[in-house]
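This report refers to the structure that appears directly beneath it.
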Amino acid sequence: MEYILSPSLLACDFKCAGEDIAKIDKAGAQWVHIDVMDGVFVPNISFGMPVIKSFRSATKRFFDVHLMIIEPERYIKDFKDAGADLICFHVEATGQVQETIDLIHEVGCQAAIAIKPGTLIEEVLPYLEQVEMVLVMTVEPGFGGQKYITECTDKVRELRAICNARGLDTHIQVDGGVDASNVSVPVEAGANVIVAGSAVFKGDIEGNVKAIMEQFPKAN
Ligand code: DX5
Ligand code: ZN
């Protein structure tokens with residue numbers, strides 16, 4: 001299995017985002033995680049398309065765009081045009097899960113569905129064959145710098161077992177409260193795409209990226 005680090009730019013220094021992005025690039029993080037918040041689905045507002053476009057001009061890395069917005073189907077084409085490679089939306093945020101997955105694929109992006117800590121994995125099981133990734137939130141979405149909710153690890157383990165039983169190599173992503181000291185917990189449970197915000201951007205960015213990636217199982 002391929003293990004991927006996707007640093008969350010929510011925690012970067014926006015006045016020099018280009019420099020921070022260059023550092024995560026140089027240290028070897030494969031993806032970039034981009035958190036879009038609308039102040040409705042979550043009690044916080046982050047940024048939208050113009051900011052993503054400016055990030056896009058700073059790197060060629062894979063953009064993993066995590067939409068924490070209601071009715072994400074309204075903006076799929078706009079996020080694609082802003083530079084998204086993968087678009088992830090919450091099953092709790094729309095009554096049109098199937099249509100949204102289809103729309104994401106139609107615009108040429110990979111599709112992912114996310115669940116909050118209180119949402120059961122049963123909500124995503126009907127769509128497993130159709131998405132490239134499932135995001136299991138390990139904090140309540142809305143803010144960086146929160147503590148990893150240990151109970152969410154079981155959902156990762158169950159999902160990986162179900163994917164394996166169905167012969168699927170779907171990416172399973174965890175997001176929230178992950179750092180070098182606990183990343184082995186979700187990884188051992190079956191997560192292979194790791195988001196980290198504050199654990200990457202606080203202090204020595206390149207050193208932080210390497211410290212987290214060193215914990216990934218080595219390919220043999
Ligand atoms: C939270 C966001 C996360 C956040 C993670 O709603 O989805 O991506 O930036 O931040 P840390 O790694 O600091 O918990
Ligand atoms: Zn996120």
Side-chain angles (χ1 to χ4, degrees), residues 4-14 17 20-21 23-24 27 29-48 51-52 55 61-70 72 79 82 84-93 109-119 124 131-153 155-156 171-187 191-205 207-209 211-213 215-216:
I4 294 166
L5 179 63
S6 192
S8 165
L9 293 183
L10 191 63
C12 83
D13 182 350
F14 290 111
D20 281 7
I21 291 170
K23 287 179 189 164
I24 58 173
Q30 303 95 326
W31 288 14
V32 180
H33 185 83
I34 296 176
D35 290 300
V36 178
M37 305 178 181
D38 67 355
V40 180
F41 182 69
V42 290
N44 195 9
I45 297 176
S46 58
F47 48 73
V51 174
I52 298 174
F55 293 154
R61 296 279 191 200
F62 188 90
F63 272 14
D64 146 33
V65 176
H66 176 196
L67 299 181
M68 287 161 274
I69 67 173
I70 58 159
F79 284 109
D85 294 297
L86 175 149
I87 298 177
C88 180
F89 67 96
H90 275 262
V91 291
E92 307 92 349
C109 287
Q110 293 190 20
I113 42 183
I115 49 173
K116 298 202 277 187
T119 303
V124 302
V131 292
E132 281 73 30
M133 185 177 87
V134 175
L135 163 55
V136 176
M137 288 299 300
T138 46
V139 298
E140 285 300 333
F143 299 91
Q146 303 181 76
K147 194 173 170 299
Y148 183 90
I149 301 172
T150 308
E151 290 72 25
C152 298
T153 309
K155 296 204 286 185
V156 173
H171 290 309
I172 298 180
Q173 181 177 57
V174 287
D175 180 10
V178 180
D179 59 27
S181 76
N182 67 3
V183 62
S184 62
V185 173
V187 162
N192 72 304
V193 183
I194 305 299
V195 176
S198 25
V200 166
F201 290 101
K202 262 197 201 149
D204 168 16
I205 295 175
N208 291 338
V209 166
I212 296 170
M213 293 185 73
Q215 301 300 315
F216 291 168

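Ligands are counted one by one from 1 in listed order, and the atoms in each one are counted from 1 as well.
At least one side-chain heavy atom of His90 sits under 4.5 Å from a side-chain heavy atom of Lys116. In this structure, the side chains of Asp64 and Gln173 come closer than 4.5 Å at one or more pairs of heavy atoms. Residues Gln215 and Ile194 form no side-chain contact, since every pair of their non-hydrogen atoms from C-beta on lies 4.5 Å or further apart. The shortest distance between side-chain heavy atoms of Ile24 and Phe201 falls below 4.5 Å. A heavy-atom distance below 4.5 Å is not found between the side chains of Ser6 and Phe62.
Legend: residues meeting side chain to side chain donor-acceptor pair (under 3.5 Å) with Asp204, ordered by chain and number and at least two apart, are absent. Applying the side chain to side chain donor-acceptor pair (under 3.5 Å) rule to Ser181 yields the partners Asp179; only residues at least two apart in sequence or on another chain are considered.
Between the side chain of Asn192 and the main chain of His171, no donor-acceptor pair closer than 3.5 Å is present.
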If you look at each N/O of ligand 1, which protein N/O atoms lie under 3.5 Å away, and at what distance?
{"from": "ligand 1", "atom 1": "6 (O)", "to": "Gly142", "atom 2": "N", "distance (Å)": "2.7"}
{"from": "ligand 1", "atom 1": "7 (O)", "to": "Asp35", "atom 2": "OD1", "distance (Å)": "3.0"}
{"from": "ligand 1", "atom 1": "7 (O)", "to": "His66", "atom 2": "ND1", "distance (Å)": "3.3"}
{"from": "ligand 1", "atom 1": "7 (O)", "to": "Asp175", "atom 2": "OD2", "distance (Å)": "2.8"}
{"from": "ligand 1", "atom 1": "8 (O)", "to": "His33", "atom 2": "NE2", "distance (Å)": "3.3"}
{"from": "ligand 1", "atom 1": "8 (O)", "to": "Asp35", "atom 2": "OD1", "distance (Å)": "3.1"}
{"from": "ligand 1", "atom 1": "8 (O)", "to": "Asp35", "atom 2": "OD2", "distance (Å)": "2.8"}
{"from": "ligand 1", "atom 1": "8 (O)", "to": "Asp175", "atom 2": "OD1", "distance (Å)": "2.7"}
{"from": "ligand 1", "atom 1": "8 (O)", "to": "Asp175", "atom 2": "OD2", "distance (Å)": "3.0"}
{"from": "ligand 1", "atom 1": "9 (O)", "to": "Ser8", "atom 2": "OG", "distance (Å)": "2.8"}
{"from": "ligand 1", "atom 1": "9 (O)", "to": "Asp35", "atom 2": "OD2", "distance (Å)": "3.2"}
{"from": "ligand 1", "atom 1": "12 (O)", "to": "Gly197", "atom 2": "N", "distance (Å)": "2.7"}
{"from": "ligand 1", "atom 1": "13 (O)", "to": "Gly145", "atom 2": "N", "distance (Å)": "2.8"}
{"from": "ligand 1", "atom 1": "13 (O)", "to": "Ser198", "atom 2": "N", "distance (Å)": "3.0"}
{"from": "ligand 1", "atom 1": "13 (O)", "to": "Ser198", "atom 2": "OG", "distance (Å)": "2.4"}
{"from": "ligand 1", "atom 1": "14 (O)", "to": "Gly177", "atom 2": "N", "distance (Å)": "2.8"}

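By the criterion of a separation under 2.8 Å, the protein N/O/S atoms near the Zn ion (ligand 2) amount to His33 NE2, Asp35 OD1, His66 ND1, Asp175 OD2.
Between Phe55 and Phe47, the distance from one ring center to the other falls under 6.0 angstrom.
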